[in-house]
Structure formats: C-alpha cells, structure tokens
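Predicted model only: the values in this text are computed from it and were never measured.
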Amino acid sequence: FLALAGVAFALRRDAGAVVQARALPYVIGTAIGLCGVVAAVTGEGLMSPALAVVGVFLCLFTVVGGLRPGILAAAVGVGMLLLLGLGMAFDWLPPADVVRGDAARNLVRPLLTHVLVLAIALCGGELLGRTLDRTLRSADERERRFLGLLAVAADAYWEMDGSGRLVRFSAKEELRNFVGLRRHGVDAGMGKLLWETRGVLFDSQVLEAFRSELAARLPMRDVPLRWSDVGGRLRHFTLSAEPRTNEAGKFAGYWGVLR
C-alpha cells in the first residue's frame, strides 16, 4: 500500500493530465486487489477490515472509468469475495485471531454484506460519474458561450502566465491567421513574453509602464500596441486585462482582451 501511495503521489506531482487519467483506473484496481491479498494473507478472510474500503475504491473506479469497467471491477470484487469465503470454509487461509462461531452464518452474512456494499458503490459511482459528466459539459458550454459573446465585444481573448508569457489566444480565424497564433499551446507560436511575441510592438514608454503594471499585478486598461503579420501589414489594438488567480488563490497571471 505504501508503494502504491508513492506511485500515486509521483503521478500527481510529475505526470501530465493525460497520463494521470490513464493511470488512475490501474492504481485504483491495484488497490482493490491489494485489499483481497491482505485479507487472505492475514487469514481474516471476509472479516478483514481491509475489505471495508473496497466499496470506496470501486465507486472511484466507476466514476473514473465508466459503468462498464465498473461492472467488470465489481465482478472481480465478487469473485475475490467468493474465493475468500471458500478459503474460510475449507481452512485454506492461515490461522488468524478471528472468532469463527457458526461457520455458515460467518460466511453468508459477511459475504452478502460485502456484495451489497459493492452494488451500492457501483450504483453510486455511476450516479457520480453522470453528475460529473453533466457538470463538465455545462462548463464547456458556458465557456463556448462566454467566448462567443466575447467575440462580439472584442477582437481577441488572451491569457498570460505569472511571468508574462502568452499561454492562450482565442480569436476569429482571420485574426488568428494574421497574428500567426492559435488558441493555446507552445507549438501554436506562443510561450514567449507578450512583448517578445512575433509581430507585437509597443512604444518604449508604453512598454515600460506595461511591465511596471505587470510586476505590480495591477489591472490594465486600453494599453496601445501594434501587431504586424509576416507580410509586414500593421494593425493597431488596445489591450485590457485583469489579474487572475489559481485554485489556491495565488497570482497566476493575466487574462484580457484586444480591441
């Protein structure tokens, strides 16, 4: 379990979002299997406290992987419980300080209880997964609506990180082609300081004031700049921006518009 926790921590710290999404079901599935191994090795079988968290892991697995993988994981869990029950019935498990009592009752009752927990976890995971999907779709729709309305009021929407590097640029196709940028990504021609981005021109005094406001993390209003395309054609814009924060409330850069 400690090794698995180390893997999960390493994924959280060092891996990208895609790798995390692909690895998470395997991490959770391994945790479910380890619970069964612990129950067998300690000889506690269906009475093992380790089985108490299997339902939680199954619920998370269903949320992340979906209903079909969740059903498969639940079936594997039921098979694991049946094997533990058989191990207890035929004394295949090593001795443990567990009061056996009536053998049939000590097998059927915990077995049914664990199966019921798995069923509840599977249903709960499916409901949580649907709720999460609806929330994400609603967030995407709100973002599309926001960008659509923003396109009416401004020529472009952009974001800078805390160092002043351009990390996102959203505009109509004609303007994106003019400036030579796409919406986001380093390969899209971005990742540089705004005043070092290809084609961006500030007057010296304007640039000095802009960098001072950026260092002080102040809102910016109607900052004039020029932008030229690869053919040398020039357009004039005004830039307005507000500081933005991350989930922890710390400064994360700026977002703003071009007009």
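In terms of heavy atoms, C59 sits closest to G124 at SG-C, 4.1 Å. Considering every non-hydrogen atom in both G70 and T62, the closest pair reads CA-OG1, 3.6 Å.
A salt bridge (charged side-chain N to carboxylate O under 4.0 Å, His left out) check over residues 58-85, counting only residues at least two apart or in different chains, returns nothing.
Expressed to the nearest 0.5 Å, how far CG of L128 lies from OG1 of T135 amounts to 10.5 Å. Separation of atoms CE (M47) and CZ (R109) is listed at 9.0 Å; rounding is to 0.5 Å. To the nearest 0.5 Å, atom OH of residue Y254 and atom CG of residue L239 are 10.5 Å apart. Distance CH2/W255 to CE/M160: 13.0 Å, rounded to 0.5 Å. One finds the CG atom of L67 at 6.0 Å from the CG atom of L122 (value rounded to the nearest 0.5 Å). Atoms CG and CG, from L207 and L201 in turn, are 10.5 Å apart once rounded to the nearest 0.5 Å.
For F178, there are no ring-ring contact (aromatic ring centres under 6.0 Å, His included) partners, not counting sequence neighbours. Residues passing the ring-ring contact (aromatic ring centres under 6.0 Å, His included) test with F61, sequence neighbours excluded: none. Residues forming a salt bridge (charged side-chain N to carboxylate O under 4.0 Å, His left out) with E213 (at least two apart in sequence, or on another chain): none.
Within the 4.5 Å cutoff, the side chain of D133 has heavy atoms near those of the R137 side chain. At least one side-chain heavy atom of M88 sits under 4.5 Å from a side-chain heavy atom of L46. The closest side-chain heavy-atom distance from L51 to V117 is not below 4.5 Å. L132 has its side chain within reach of V63: a pair of non-hydrogen atoms, C-beta onward, lies under 4.5 Å apart.
The hydrophobic cluster analysis finds L72 isolated: no Ile, Leu, Val, Met, Phe, Trp or Tyr side chain comes under 4.5 Å of it, directly or through other members.
In the hydrophobic clustering of ILVMFWY residues, with side-chain heavy atoms under 4.5 Å counting as a link, L166 and L193 come out together.
A salt bridge links E126 with R130: the closest approach of a Lys/Arg side-chain nitrogen to an acidic carboxylate oxygen falls below 4.0 angstrom.
Judged by distance alone, the side chain of T131 and the main-chain N or O of L127 form a donor-acceptor pair under 3.5 Å. With hydrogens and angles ignored, the 3.5 Å screen pairs a side-chain donor or acceptor of T42 with a backbone N or O of V38. No donor-acceptor distance shorter than 3.5 angstrom exists from the side chain of S163 to the backbone of R165, with no hydrogens or angles considered.
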Result block: side-chain N/O donor-acceptor pairs under 3.5 angstrom for residues 214-229, not counting sequence neighbours:
unit_1	atom_1	unit_2	atom_2	d
R221	NH1	A241	O	3.2
R221	NH1	E242	OE2	3.2
R221	NH2	E242	OE2	2.2
R226	NH1	D203	OD1	3.0
W227	NE1	R198	O	3.2
D229	OD1	G231	N	3.1
D229	OD1	G232	N	2.9
D229	OD1	R233	N	2.8
D229	OD2	R233	NE	2.6
D229	OD2	R233	NH2	2.7

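Annotation: E196, atom CD; neighbour count of heavy atoms from other residues, nucleotides and ligands within 6.0 Å is above 12.
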